[in-house]
Amino acid sequence: PEQLAAYFDIRGHKYPLYGASYNIAPTQLAPVVRLDEQGDLAIDLLRWGLIPAWAKDRRIASQTINARAESVAEKPSFRQAYRRRRCLVPQSGYFEWIGEGRQKQPYAVVPQEGPLF
């Protein structure tokens with residue numbers, strides 16, 4: 001938490017304690033950077049997944065884990081969150097799975113410069 005606060009120059013805020021994770025999966029808590037009520041940057045733990053306001057069942061969050069950049073502003077599931085509730089999800093890398101059928105190979109994607117993207 002201290003390194004993330006220093007990286008984003010977040011001062012004067014309490015931030016949640018959490019440990020490093022090398023595989024944050026959908027529906028798990030993850031640290032994010034977002035604006036607080038005063039408009040200052042803060043670190044919070046949020047659950048990966050989106051529960052649209054119109055959803056009747058919280059289990060939809062496991063199905064709304066990724067949005068396509070080209071359609072996020074129009075899709076009913078993501079439209080309101082995209083317009084009003086944004087955050088940064090800092091990460092040092094992620095895996096992209098490439099392959100056909102049952103054979104898939106994970107490829108690590110990491111920033112060329114700096115510790116995060």
Side-chain angles (χ1 to χ4, degrees):
E2 294 83 9
Q3 290 175 331
L4 194 57
Y7 184 85
F8 286 99
D9 196 26
I10 297 173
R11 300 182 202 155
H13 280 276
K14 292 182 180 179
Y15 38 81
L17 295 178
Y18 57 89
S21 177
Y22 300 98
N23 185 25
I24 297 173
T27 73
Q28 289 183 327
L29 290 174
V32 301
V33 177
R34 63 181 178 165
L35 296 177
D36 66 10
E37 297 81 24
Q38 290 78 36
D40 298 322
L41 289 179
I43 300 171
D44 290 310
L45 287 178
L46 297 182
R47 191 166 309 281
W48 180 2
L50 176 70
I51 302 171
W54 48 262
K56 294 180 179 162
D57 190 341
R58 297 179 62 85
R59 290 180 288 185
I60 195 171
S62 64
Q63 299 167 8
T64 53
I65 57 171
N66 290 321
R68 295 189 177 277
E70 60 271 14
S71 62
V72 68
E74 288 84 34
K75 294 286 185 180
S77 295
F78 301 104
R79 187 173 44 227
Q80 287 301 101
Y82 173 74
R83 289 182 185 150
R84 294 196 175 96
R85 297 182 299 158
R86 295 186 185 204
C87 67
L88 297 175
V89 182
Q91 52 188 305
S92 59
Y94 63 92
F95 288 97
E96 190 66 40
W97 292 80
I98 300 175
E100 295 287 328
R102 293 168 127 340
Q103 298 294 335
K104 292 192 178 185
Q105 174 72 37
Y107 289 89
V109 179
V110 297
Q112 287 185 324
E113 296 180 20
L116 297 174
F117 60 162

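Only this structure's heavy atoms are used, side chains among them; waters, hydrogens and symmetry mates stay out.
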Check the surroundings of atom CD in Q103: do more than 12 heavy atoms from other residues, nucleotides or ligands lie under 6.0 Å from it?
no

Restricting to non-hydrogen atoms, name the atom on S21 and the atom on I24 that form the minimum distance, rounded to 0.1 Å.
OG-CG1, 3.5 Å

Other cluster members, I98 - Ile/Leu/Val/Met/Phe/Trp/Tyr, side-chain contacts below 4.5 Å:
Y107

Residues forming a ring-ring contact (aromatic ring centres under 6.0 Å, His included) with Y94, sequence neighbours excluded
F117

Mind jotting down which residue pairs meet the salt bridge (Lys or Arg N to Asp or Glu O under 4.0 Å) criterion with at least one end in residues 99-117? Sequence neighbours excluded, please.
none

Could you tell me whether Q3 atom CD has more than 12 heavy atoms of other residues or ligands within 6.0 Å of it?
no

List in chain and number order the residues that pass side chain to side chain contact (heavy atoms under 4.5 Å, CB included) with P26, two or more places apart in sequence or in another chain; answer none if no residue qualifies.
W48, I65

Which residue pairs pass the salt bridge (Lys or Arg N to Asp or Glu O under 4.0 Å) test when at least one of the two sits in residues 60-84, sequence neighbours left out?
none

Going by the salt bridge (Lys or Arg N to Asp or Glu O under 4.0 Å) test, which pairs reach into residues 19-31, not counting sequence neighbours?
none

Verify same cluster id: L46, V89 (apolar side-chain graph, 4.5 Å):
yes

Applied to residues 24-46, the side-chain hydrogen bond (donor to acceptor under 3.5 Å, both in side chains) test, sequence neighbours excluded, yields H13-D36, R34-D44

Tell me, do V32 and I43 make a side-chain contact under 4.5 Å, heavy atoms counted?
no

Could you tell me which residues satisfy side chain to side chain donor-acceptor pair (under 3.5 Å) with Y82, sequence neighbours excluded, listed by chain and number?
R86

List in chain and number order the residues that pass side chain to side chain donor-acceptor pair (under 3.5 Å) with N23, two or more places apart in sequence or in another chain; answer none if no residue qualifies.
none

Can you name the side chain to side chain contact (heavy atoms under 4.5 Å, CB included) partners of L116, sequence neighbours left out?
L4, Y7, F8, P90, S92

Which residues satisfy the side chain to side chain contact (heavy atoms under 4.5 Å, CB included) test with P106, sequence neighbours excluded?
F95, W97

Minimum side-chain heavy-atom gap Y18-L45 below 4.5 Å:
yes

Under a single-linkage definition using a 4.5 Å side-chain heavy-atom cutoff for Ile, Leu, Val, Met, Phe, Trp and Tyr, are L88 and I10 assigned to the same hydrophobic cluster?
yes

Any residue meeting side chain to side chain contact (heavy atoms under 4.5 Å, CB included) with T64, in chain and number order, not counting sequence neighbours
L50, I60, S77, F78

